[in-house]
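Reading through the structure tokens given below for one structure.
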Amino acid sequence: MITLITNIQELLQVRETSIAKVSGSEMANLPTIKNAFLVLKDNLIKDFGSMDNLPKINADKTIDATGRVVLPSWCDSHTHIVYAGNREQEFVDRINGLSYEEIANRGGGILNSAKKLNETSEEEIYEQSKIRLEEVMHLGTGAVEIKSGYGLTVDGELKMLRVIKKLAENYPIAIKATFLGAHAFPLHYKDDKAGYLDEIINEMLPEISKNKLADYVDVFCESGYFSVEETEKIMEAGLAFGLKPKIHVNQFNSIGGIQAGVKFNALSVDHLEIMNPEDIEALKGTETMPVALPSCSYFLSIPYTPAREMIKAGLPLALATDFNPGSTPSGNMNFVVATACIKMKMTPEEAINAATINGAYAMGLSETHGSITKGKKANLILTKPISSYYQIPYAFGSNLIESVFVEGKILE
């Protein structure tokens with residue numbers, strides 16, 4: 001099946017040769033071709049170029065993209081979209097003045113989601129989660145990472161990871177699974193933290209490894225959750241089972257989590273709302289991708305990741321949604337890109353790089369996703385007619401997507 005897209009107003013994120021990521025000042029450079037064509041063969045990108053150089057192609061399907069922009073699908077490297085129920089009441093509690101921490105201390109937050117998840121059947125969790133996955137696909141996401149972390153028991157965590165595996169088997173987009181048993185301490189381990197660490201390391205991890213249920217291991221390294229020492233123990237154990245770390249750090253406090261992540265060569269460190277100069281320094285010259293979650297900052301009214309300082313320091317940056325029931329009940333990467341521009345003062349070029357090529361890197365998908373490169377997956381966004389790609393973040397409340405391609409096919 002050969003699909004030819006012609007008269008593309010502008011083709012974004014064009015990379016002749018595959019690159020892993022962009023950092024620092026390079027993030028401001030978004031290579032594009034104006035008045036372009038793009039050829040898809042089956043599920044891959046076959047060719048592209050200027051309409052002036054369009055070769056003769058026997059296409060099975062031709063799409064005229066006059067006035068439209070084409071770009072690679074969003075790569076969302078941090079989500080929690082497998083969960084049960086919702087936490088609408090906590091949303092109202094926050095409006096009425098309770099903090100995230102106060103809600104958690106009352107049995108809300110992560111523990112509330114864990115209670116609901118453990119009371120819900122695996123089939124029902126799958127049915128709820130697939131609706132969210134289908135929604136983000138239609139919003140332009142073409143690769144996604146999904147975490148466990150609302151089980152907090154051996155059975156609950158395995159149940160979540162099996163649901164993620166089933167989603168990956170039944171849907172055409174790339175899905176990476178992350179084990180986040182260390183999301184919070186369950187109530188029955190409140191006074192026995194060492195006991196819960198033992199359960200994660202000696203019961204959960206061996207089962208997950210045996211059943212090949214996860215690609216990565218994650219820890220919520222934060223005051224009141226998992227200490228740096230506990231985080232390092234879990235990362236070390238995860239690595240022993242072949243799971244590379246991707247960790248939550250610096251959401252509310254800077255306690256040394258970034259340095260721990262770098263020490264264990266974490267693929268990414270995510271959140272980063274609170275960044276000290278030494279945190280930025282620790283990331284320089286490493287292979288660890290910093291990931292910002294601006295819609296979490298928006299929803300919780302907490303600080304935004306200091307993107308300008310980090311980019312000025314030469315760091316790369318990725319953007320992700322943090323889609324979850326408590327602090328970010330949205331998987332809309334278009335809103336994330338817009339919010340990064342509006343609130344974090346990222347340029348549209350930087351934000352698109354962060355949400356495509358760098359997002360792909362943050363889940364180990366640089367070779368197949370994140371850019372318009374021959375041989376990569378034909379996962380694309382075709383916009384409605386727009387004046388320029390600047391309109392994507394500018395018109396932050398509008399749906400500017402006309403079609404989404406996944407594996408070379410238009411999503412129905």
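Between L152 and Y196, the shortest heavy-atom distance links the atoms CA-OH, 3.3 Å. Shortest non-hydrogen contact noted between I45 and K377 is CD1-O, 3.7 Å. The nearest pair of heavy atoms linking P186 to L111 is CA-CD2, 4.0 Å. Residues L283 and P290 share a closest heavy-atom pair of CD1-CG, 4.0 Å. Among all heavy-atom pairs drawn from P325 and S113, the shortest one is CG-OG, 3.5 Å. Between A266 and T288, the closest heavy-atom pair is O-OG1, 2.6 Å.
Judged by distance alone, the side chains of K376 and S371 do bring a donor and an acceptor atom under 3.5 Å apart. Side-chain contact check for E407 and N379: no donor-acceptor pair (N or O, by modelled atom type) lies under 3.5 Å. Residues H78 and H248 have side chains that bring a donor and an acceptor to within less than 3.5 angstrom of each other. Between the side chains of N112 and E90, a donor-acceptor pair is found at a separation under 3.5 Å. In the model, Y389 has no side-chain atom that pairs as donor or acceptor with a side-chain atom of Q9 under 3.5 Å.
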Check: Can T120 and E124 be said to form a side chain to side chain donor-acceptor pair (under 3.5 Å), step by step?
Finding: CA-CA 7 Å; T120 306; E124 176 58 24; over 6 Å; no

Dump the intermediate steps for side chain to side chain donor-acceptor pair (under 3.5 Å) on Q89 and R87, then the final yes or no.
CA-CA 5 Å; Q89 184 55 50; R87 298 204 328 242; over 6 Å; no

Begin with the C-alpha distance, continue with both residues' side-chain angles, and end with the deciding distance and a verdict on side chain to side chain donor-acceptor pair (under 3.5 Å) for S268 and K246. CA-CA 5 Å; S268 71; K246 279 171 62 69; 3.1 Å; yes

- Check step by step if side chain to side chain donor-acceptor pair (under 3.5 Å) holds for T153 and D155. CA-CA 5 Å; T153 61; D155 289 346; 5.9 Å; no

Candidate pair F220 and Y225, rule ring pair (Phe, Tyr, Trp, His ring centres under 6.0 Å), full reasoning = CA-CA 7 Å; F220 187 18; Y225 291 86; 4.4 Å; yes

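Atom NZ of K193 sits in a crowded spot, with more than 12 heavy atoms from other residues, nucleotides or ligands closer than 6.0 Å. The 12-atom threshold is not exceeded at CD of E88, counting heavy atoms of other residues, nucleotides or ligands nearer than 6.0 Å. Residue K212 qualifies as open at atom NZ: its count of foreign heavy atoms under 6.0 Å is 12 or below.
Tested against W74, the residues N332, N334, T141, T321 include a single side-chain hydrogen bond (donor to acceptor under 3.5 Å, both in side chains) partner, N334. When each of L4, I2, L380 is tested with L40 by the rule side chain to side chain contact (heavy atoms under 4.5 Å, CB included), just one qualifies, namely L380.
Evaluation of the ring-ring contact (aromatic ring centres under 6.0 Å, His included) rule for F48 yields no partner, not counting sequence neighbours. Residues satisfying the ring-ring contact (aromatic ring centres under 6.0 Å, His included) test with F405, not counting sequence neighbours, are none. The ring-ring contact (aromatic ring centres under 6.0 Å, His included) search around F252 returns Y100, not counting sequence neighbours.
A donor-acceptor pair under 3.5 Å is formed between the side chain of K159 and the backbone N or O of L117. Within the 3.5 Å criterion, the main-chain N or O of G149 finds a donor-acceptor partner in the side chain of E157. Under a 3.5 Å cut-off, the side chain of Y304 and the backbone N or O of K345 do not form any donor-acceptor pair. A donor-acceptor distance shorter than 3.5 angstrom exists from the side chain of R132 to the backbone of Y83, with no hydrogens or angles considered. For D215 (side chain) and A177 (main-chain N/O), a donor-acceptor pair under 3.5 Å exists by modelled atom type. Proximity of a side-chain donor or acceptor of T231 to a complementary backbone N or O of S227 within less than 3.5 Å is detected. Looking only at distances, no side-chain donor or acceptor of N29 sits under 3.5 Å from a matching main-chain atom of E26. For D218 (side chain) and T178 (main-chain N/O), no donor-acceptor pair under 3.5 Å exists by modelled atom type. With K116 contributing its side chain and N86 its backbone, the two residues share a donor-acceptor pair below 3.5 Å. With hydrogens and angles ignored, the 3.5 Å screen pairs no side-chain donor or acceptor of K312 with any backbone N or O of G24.
N35 has its side chain out of reach of I8: every pair of non-hydrogen atoms, C-beta onward, lies at least 4.5 Å apart. Taking 4.5 Å as the limit, every side-chain heavy atom of P294 sits out of range of all side-chain heavy atoms of T305. Side-chain contact between I274 and I302: absent, with no pair of heavy atoms (C-beta onward) separated by less than 4.5 Å. The shortest distance between side-chain heavy atoms of M204 and L158 does not fall below 4.5 Å. Between E287 and N265 there is a side-chain heavy-atom pair separated by less than 4.5 Å. A 4.5 Å side-chain heavy-atom check between D270 and Q251 finds every atom pair outside the cut-off.
Note that OG of S73 and CE of M333 are 10.5 Å apart. Values are rounded to the nearest 0.5 Å. Here CG of L12 is found 6.5 Å from OG1 of T32. Values are rounded to the nearest 0.5 Å. Between I372 atom CD1 and T356 atom OG1 the span is 9.0 Å, to the nearest 0.5 Å. Here the CD1-CD1 distance, from I81 to I131, works out to 11.5 Å after rounding to the nearest 0.5 Å. Atom CD1 in I342 sits 5.5 Å away from atom CZ in F396 (nearest 0.5 Å). Going from atom CD1 of I164 over to atom OG of S129 covers 8.5 Å, rounded to the nearest 0.5 Å.
Using cut-offs of 30° and 60° for the angle between ring planes, the F91 and F299 rings count as parallel. Under the 30°/60° scheme for interplanar angles, the aromatic rings of Y298 and F335 are found to stand perpendicular.
Geometrically, R162 does not engage Y126 in a cation-pi contact, judged by NZ or CZ lying under 6.0 Å from the ring centre and within 45° of the ring axis.
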